[in-house]
Amino acid sequence: MSVIEELSQLLFPTRCFGCNAIGISICSNCRREWHPHFYTTHIRGMKVHSAISYSPTASRIIMAAKENGLKGADQLIIDAIVHVLDTANFDAFNVRLVPIPSSGINQRRRGRSFILELCREISAATSIPLIPALTINRKVKDQSSLNAKSRLTNMHGAFSINTNTYPRGDLILIDDVVTTGATVAEAARALNSHGFHVLASVTACLAQPLR
Ligand SMILES: [Zn+2]
C-alpha cells in the first residue's frame, strides 16, 4: 500500500457497498444476497438472463455504482454480468454487446455514461465486441414509481440507432436491472425494426415488477 492509499484508508475506510460496515467492499452477509446465479425470464419472446435477485442490498450496490461512481461497486456489477455471459455460453465470435443508454440528464449528472462504461470492461473481460448502437432521443421519466403499462408508454419510441454503427451478428442488450422489461423490450424493438437481430438481454439484477 502506498502512503497515499494508507492515508485514504484512514480518512475514508473501505465500507461494504451493501450495508456500510467498515472493512471490505462487500461483507459476508451482503455477499449472500449478492451472489451471482443464472436466472432466465422471458420478455416478449426474448430471453433475459440475470445474475442477482433484486434486494435492498442489491439496490444499495447499484446506487453506489450508478449515483456515487464507486469503482468497487462497478466491479461487483461487472462481475455479475460477466458471470451471466460466461454461463449463457454465447458464441463470442457472433455476438455483440449493446449497452442500454441512460438519459442525457442522468449522464450529465453522473459525469459518465454508466452502462457504456461498464460494458467496456465487460467486453474486455469476455472478448465479446461492444457496439454502442443505441441513444435515447427524448426525455423519459424515472421509472421507479411507474407500473408496467406506464413504463411501456414512457419508453415507446425513446431509442434511436446511432447512424455510424452497423451492428452485425446477434446482439445482446446489457442493463443493470430488469423489472417489467419495458426498457429492454423497447430497445430490442428499435434494433429489430432496423433489421438488426437481438438475441437476448443480460442484466446484473432481476427485480419484481410493480403490479
Ligand atoms: Zn454488508
Look at the side-chain heavy atoms of Ile, Leu, Val, Met, Phe, Trp and Tyr, link any pair under 4.5 Å apart, and say whether [X] and [Y] land in one connected group.
X	Y	answer
Ile61	Val177	yes
Ile77	Ile172	yes
Met155	Ile115	no
Ile81	Tyr54	yes
Met46	Ile161	yes

side-chain contact (heavy atoms from CB on, under 4.5 Å) assessment of Leu191 paired with Phe159: CA-CA 9 Å; Leu191 285 159; Phe159 292 110; over 6 Å; no
One pair to check against side-chain contact (heavy atoms from CB on, under 4.5 Å): Cys30 and Phe17. What are the steps and the verdict? CA-CA 9 Å; Cys30 293; Phe17 296 118; over 6 Å; no
Phe38/His49 aromatic ring centres below 6.0 Å: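 Here the rings of His49 and Phe38 have centres that are less than 6.0 Å from each other.
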Heavy-atom pair of closest approach, residues [X] and [Y]:
X	Y	answer
Ala58	Ile52	CB-CG2, 4.3 Å
Cys27	Cys16	N-SG, 3.3 Å
Leu116	Pro99	CD1-CG, 3.9 Å
Ser102	Gln107	O-NE2, 3.0 Å
Arg112	Ala65	NH2-O, 2.7 Å

Donor + acceptor pair across side chains of [X], [Y] (<3.5 Å):
X	Y	result
Gln143	Thr183	yes
Thr135	Ser160	no
Arg189	Asn192	no

Between Thr40, Leu206, Asp175, Val202, which is the residue that forms a side chain to side chain contact (heavy atoms under 4.5 Å, CB included) with Ser50?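 Only one option passes, and that is Leu206.
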Testing Ile136, Asn106, Asn162 for side chain to side chain contact (heavy atoms under 4.5 Å, CB included) with Pro101, which one passes?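 Going through the options one by one, the only one that passes is Ile136.
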Any salt bridge linking Lys71 with Glu117? Criterion: basic side-chain nitrogen under 4.0 Å from a carboxylate oxygen.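 Looking at Glu117 together with Lys71, the answer is yes, because their closest N to O distance falls below 4.0 Å.
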Are the side chain of [X] and the backbone of [Y] linked by a donor-acceptor contact shorter than 3.5 Å?
X	Y	answer
Thr126	Ile122	yes
Ser193	Ala190	yes
Asn147	Lys149	yes
Thr203	Cys205	yes
Glu186	Leu152	no

Roughly how far, to the nearest 0.5 Å, is [atom2] of [Y] from [atom1] of [X]?
X	Y	atom1	atom2	result
Ser25	Arg15	OG	CZ	13.5 Å
Leu199	His197	CG	NE2	5.5 Å
Asp176	Ile174	CG	CD1	11.0 Å
Leu70	Leu76	CG	CG	10.5 Å
Trp34	Ile26	CH2	CD1	7.5 Å
Asn154	Thr180	CG	OG1	10.0 Å

Any [X] side-chain heavy atom under 4.5 Å of [Y] side chain:
X	Y	answer
Lys66	Asp74	no
Leu173	Val198	yes
Ile62	Arg60	no

Side chains of residues 84-97: which donor-acceptor pairs under 3.5 Å do they make with residues two or more places apart or in other chains?
{"residue": "Thr87", "atom": "OG1", "partner": "His83", "partner atom": "O", "Å": "2.6"}
{"residue": "Asp91", "atom": "OD1", "partner": "Phe93", "partner atom": "N", "Å": "3.1"}
{"residue": "Asn94", "atom": "ND2", "partner": "Asp170", "partner atom": "OD2", "Å": "3.2"}

If you apply the rule side-chain contact (heavy atoms from CB on, under 4.5 Å), what do you find for Arg109 with Glu67, and how did you get there? CA-CA 9 Å; Arg109 187 167 47 80; Glu67 306 305 337; 2.7 Å; yes
May I ask you to decide if the ring planes of Phe196 and His194 are parallel, tilted or perpendicular, using 30° and 60° as cut-offs?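 Taking His194 first and then Phe196, their aromatic rings lie parallel (interplane angle under 30°).
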Trace of the side-chain contact (heavy atoms from CB on, under 4.5 Å) decision for Leu130 with Cys119: CA-CA 7 Å; Leu130 164 66; Cys119 277; 3.6 Å; yes
